[in-house]
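Counting convention: from 1, in listed order, for ligands and their atoms alike.
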Amino acid sequence: MTKLKSISKISSWFKGLKEPLLIAGPCSAESEAQVMHTAKEIAALGKVAVFRSGIWKPRTRPGNFEGVGEEGLKWLQQVKKETGLLTAVEVANADHVNLAIKHDIDILWIGARTTSNPFSVQELADLLKGYDKPVLVKNPINPDVNLWVGALERFHKAGIDKLAAVHRGFYPFEATSLRNIPKWEVPIELKSLCHNLPIICDPSHIAGSREYIPEISQKALDLNMDGLMIETHYNPSVALSDMNQQLTPKQLGELFDQLIFRRSTTKDEDFTSILETLRSQIDSIDQQMLELLAQRMNIVEDIGKYKSHNKVTILQLRRWEKILQTRMKLGKKLGLTEDFIKKLLQLVHKESIQRQTEVMNKLSSKKE
Ligand code: PEP
Ligand code: MN
C-alpha cells in the first residue's frame, strides 16, 4: 500500500545532492562564532551537504536554553554564503515558518513533539502550500506509525513532494542506556507502507550519548536508510543543549571514515532485503524483551526487600498459581503453546526466587 504517491528523490531536491544525505550541525545555534566555527569545520570534511541547527528549542521544561530565535537565521544565511552548505531548521509554528522562508532556509524539519500533534502539523502544512521547500518529518514521540504517516500525508496533500521521514527513536517508559528506543521495526514498517519515501536516521537523539552514535549510524546504513543527521558542535562540552550527544567535526570525520557505506542501489524498493528486515525486527524485539526482563527482576528485588522487612516468606504459593493461570490464559490467546509458556514462566520464577533469596540474605547478614 503506497500512501504517498509522488515523492521526489532526495537527489532531485537540489543540484548535486547525493544519497545517503549527510546532515550535521549543532543541536542549537548559540552564537555567530559557534555557528560559523562549526560550519566551516563541517564543510571542510567535504562530505556533509546540509547544515542543521535548532533556532527555537522545544524544551521539556521552561527555563532551559530556548534558542536564539530570528537572529540565528542570519548566521545560517552566512553559513550558506561562506561554505555552500544547504541549511535546515526546525519549525513548529507559523512564525517559525514565515521567518525561515524570509531568511531563505533550504530545508525545514518538523520535531518529534510537533509531529505528535495533528493540529500543529495541519497548520504547518497549510502554511507551506505553494512553497517548494523540502520537509523532513521526525517520528512522533510514541511509536505510532500511523501518526507518523498521517503527518507525512498532511504535507503531501498540501502539495509538498520533497518529503522525507527522520527516525529519532521513541520515548522510553523506563530508563535504558539509550535516550530513545530505536524500535527499528517502526521505520521498517513506515518504509513498507510508503516504498518511495526516503528515511533519514538521527543517531544523536536515539543515542543521547556520543559513544553509541557509530553503532546506530551503521545500523541505519545497513538498513539502507537514505541519510544521517548527526549533531555536531565545535566544542560539545560548552554546548547549551544536548551536549552529550554531539560530536566534534573531527569526530564526525572519523565516524564517516569508519562507517561502511553500502553501494547505492538503483531500486527504491531496495531499502533492505526481506531477511534483513525480519532479522532487524527480531533484534529490536529481543532487546525490548531483555530490557523488560531486567525491569521485572528489579521489581522482584524490591519485593524481596519488602518481604524481608515484613518477615514474609519468599514463596507465596497462591500468587504463583495465579501467575501461571493468568499468563497461560493470555499466552494461549496470543497463539503461544501452554507448554512453552509454562517452561518460560518456571524459568523466570526460578530466577526471581534466587534474586529474592540473595536480597534477603544480604539484608539479614547486615542485621547480624
Ligand atoms: C533536535 O533535532 O534538536 C530536536 C529537538 O529533535 P527531536 O524533535 O527529535 O527531539
Ligand atoms: Mn538536539
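Annotation for ligand 1: atoms under 4.0 Å from non-hydrogen atoms of C27 are 3 (O). Heavy-atom proximity to R52, at under 4.0 Å, picks out these atoms of ligand 1: 1 (C), 2 (O), 3 (O). The atoms of ligand 1 that sit less than 4.0 Å from any heavy atom of E231 are 1 (C), 3 (O). Per-residue contacts place G111 under 4.0 angstrom from the following atoms of ligand 1 (heavy atoms of the residue considered): 8 (O).
Between R179 and D242 there is a salt bridge, since a side-chain N of the basic residue sits under 4.0 Å from a carboxylate O of the acidic one. No salt bridge links R210 with E231; every basic N to acidic carboxylate O contact stays at or beyond 4.0 Å. Salt bridge status for D126 with R154: absent, with no side-chain N to carboxylate O gap under 4.0 Å.
The protein heavy-atom contact nearest to atom 8 (O) of ligand 1 is A112 N, 2.9 Å. Given atom 5 (C) of ligand 1, the protein heavy atom at minimum distance is E90 OE1, 3.7 Å. Taking atom 6 (O) of ligand 1 as the reference point, the nearest protein heavy-atom neighbour is K138 NZ, 2.9 Å. With hydrogens left out, the protein atom closest to atom 10 (O) of ligand 1 is R168 NH2, 2.7 Å, a heavy atom. Counting protein heavy atoms only, atom 4 (C) of ligand 1 is closest to H205 NE2, 3.4 Å.
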Open item on the list: I'd like to know whether Q356 forms a side chain to side chain donor-acceptor pair (under 3.5 Å) with S352, so could you lay out the CA-CA distance, the side-chain angles of the two residues, the decisive distance to 0.1 Å, and finally the verdict.
Closed with: CA-CA 6 Å; Q356 289 200 353; S352 302; over 6 Å; no
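Its N, O or S atom nearest to the Mn ion (ligand 2) is what matters here, and for E231 that atom is OE2.
There is a side-chain donor-acceptor pair under 3.5 Å between E30 and H233. For Q78 and E82, the side-chain atoms include at least one donor-acceptor pair closer than 3.5 Å. Checking Q288 against S284 by side-chain atom types alone, a donor-acceptor pair falls below 3.5 Å.
An angle of 100° is found at the Mn ion (ligand 2) between D242 atom OD2 and C27 atom SG, rounded to 10°.
C201 is not listed as a side-chain neighbour of V166, based on a closest heavy-atom distance of 4.5 Å or more.
Residue K57 has at least one N or O atom closer than 3.5 Å to an N or O atom of ligand 1.
The shell of residues lying under 4.0 angstrom from ligand 1, judged by heavy atoms, excludes G54.
When heavy-atom distances to ligand 1 are checked against a 4.0 Å cut-off, R113 comes that close only through its side chain, counted from C-beta outward.
In this structure, CD on Q245 lies 11.5 Å from CG on L178, to the nearest 0.5 angstrom.
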